[in-house]
Amino acid sequence: MKAFFLSCLTLIPAPLLACDLALVLAVDVSGSVDRAEYNTQMQGLATGLRDGIVVDALIDQSAKVTLIRWSGSTRQRQTVPWVQIGSYANVLSLSDKIVNDPRVWRNFSTAVGEALSASLAALEDASDCTRKAIDVSGGGVSNQGVSPQSLHPALRAQGVIVNGLAIETDQTNLTAYFFGNLIVGKGAFVVTANGFEDYPVQIRRKLQRETTKQLLSLD
């Protein structure tokens, strides 16, 4: 009888993890990003995800994370599908996928609004998550496609927070542009990287901040 009971237990499906955070990592791979800068972004992002504070936050929230590469108005692609984080092994798997994900474009414009649109569409597959955030890192202002601000009503309607990492490489003042045109939602913020060489440090800081549960609260 005992053996029969134990065998029945093995047939009961494990409970699904409740997702408290869906995080889209939207990375600029437009023509302004050369090969070395691209590699710096990918390695920096993977290392940032393996930061102890970030790992603990992702596991604690049973987070779902995906990667979107974006460039011109017709060039956005979800290259790393959603990964649910329930263990450190899941984080390692995600970071390995990011590092080994081949670059898809090299010589196109910067369509920030289209990146937001693609990210919003991707979030439809993580609708069960309590909080939703889009992490946009970029090295230039939007010069093609719909404006980032035109997506703000839809983002607000779905309770999505958009944070930005501005990679400053000239006198454009991309940080101010991101503050005025990109970010949206309660607690949304912009982090500045002074050149691509500063990206690894700043993306780690950004991930620490945006994966902290209370900072993503929609109350």
Rounded to the nearest 0.5 Å, how far does [atom2] of [Y] lie from [atom1] of [X]?
X    : Y    : atom1 : atom2 : value
T66  : Q84  : OG1   : CD    : 13.0 Å
L67  : L49  : CG    : CG    : 9.5 Å
Q144 : S71  : CD    : OG    : 8.0 Å
L45  : L165 : CG    : CG    : 10.0 Å
S142 : N181 : OG    : CG    : 8.5 Å
Q41  : N39  : CD    : CG    : 9.5 Å

Shortest non-hydrogen contact from [X] to [Y]?
X    : Y    : value
A122 : W82  : O-NE1, 3.1 Å
K132 : C129 : NZ-O, 3.0 Å
S119 : A26  : OG-CB, 3.9 Å
H152 : L182 : NE2-O, 3.0 Å
A36  : D34  : N-OD1, 3.2 Å

Indicate yes or no: at least one non-hydrogen side-chain atom of [X] is less than 4.5 angstrom from one of [Y].
X    : Y    : value
T169 : F196 : yes
Y199 : V191 : no
I134 : L155 : yes
P148 : F178 : no
L207 : D51  : no
N173 : E168 : yes
V162 : L151 : no
N100 : K97  : no

Under the 3.5 angstrom rule, does the side chain of [X] hit a backbone N or O of [Y] as a donor-acceptor pair?
X    : Y    : answer
R131 : L21  : no
S95  : L92  : yes
N143 : T110 : yes
Q76  : I68  : no

K64/D125 ion pair, N-O < 4.0 Å: no

[X] and [Y]: side chain donor to acceptor below 3.5 Å:
X    : Y    : value
N90  : S87  : yes
Q202 : D198 : yes
Q208 : R205 : no

Can you check side chain to side chain contact (heavy atoms under 4.5 Å, CB included) on W70 and D28, steps first, answer last? CA-CA 5 Å; W70 60 272; D28 181 0; 3.5 Å; yes

Evaluation steps, side chain to side chain contact (heavy atoms under 4.5 Å, CB included), between V55 and L58: CA-CA 5 Å; V55 170; L58 292 176; 5.9 Å; no

According to a 4.5 Å side-chain heavy-atom criterion applied to Ile, Leu, Val, Met, Phe, Trp and Tyr, with indirect links allowed, do [X] and [Y] form part of one hydrophobic cluster?
X   : Y    : value
I53 : V91  : no
L94 : V99  : no
V27 : V201 : no

Stepwise, does the side chain to side chain contact (heavy atoms under 4.5 Å, CB included) test hold for D101 with R69? CA-CA 10 Å; D101 195 25; R69 315 275 184 140; 2.8 Å; yes

From CA spacing to verdict: side chain to side chain contact (heavy atoms under 4.5 Å, CB included), V112, V141: CA-CA 7 Å; V112 181; V141 301; over 6 Å; no

From the list D135, T192, N163, T211, side chain to side chain donor-acceptor pair (under 3.5 Å) with K206 holds only for D135

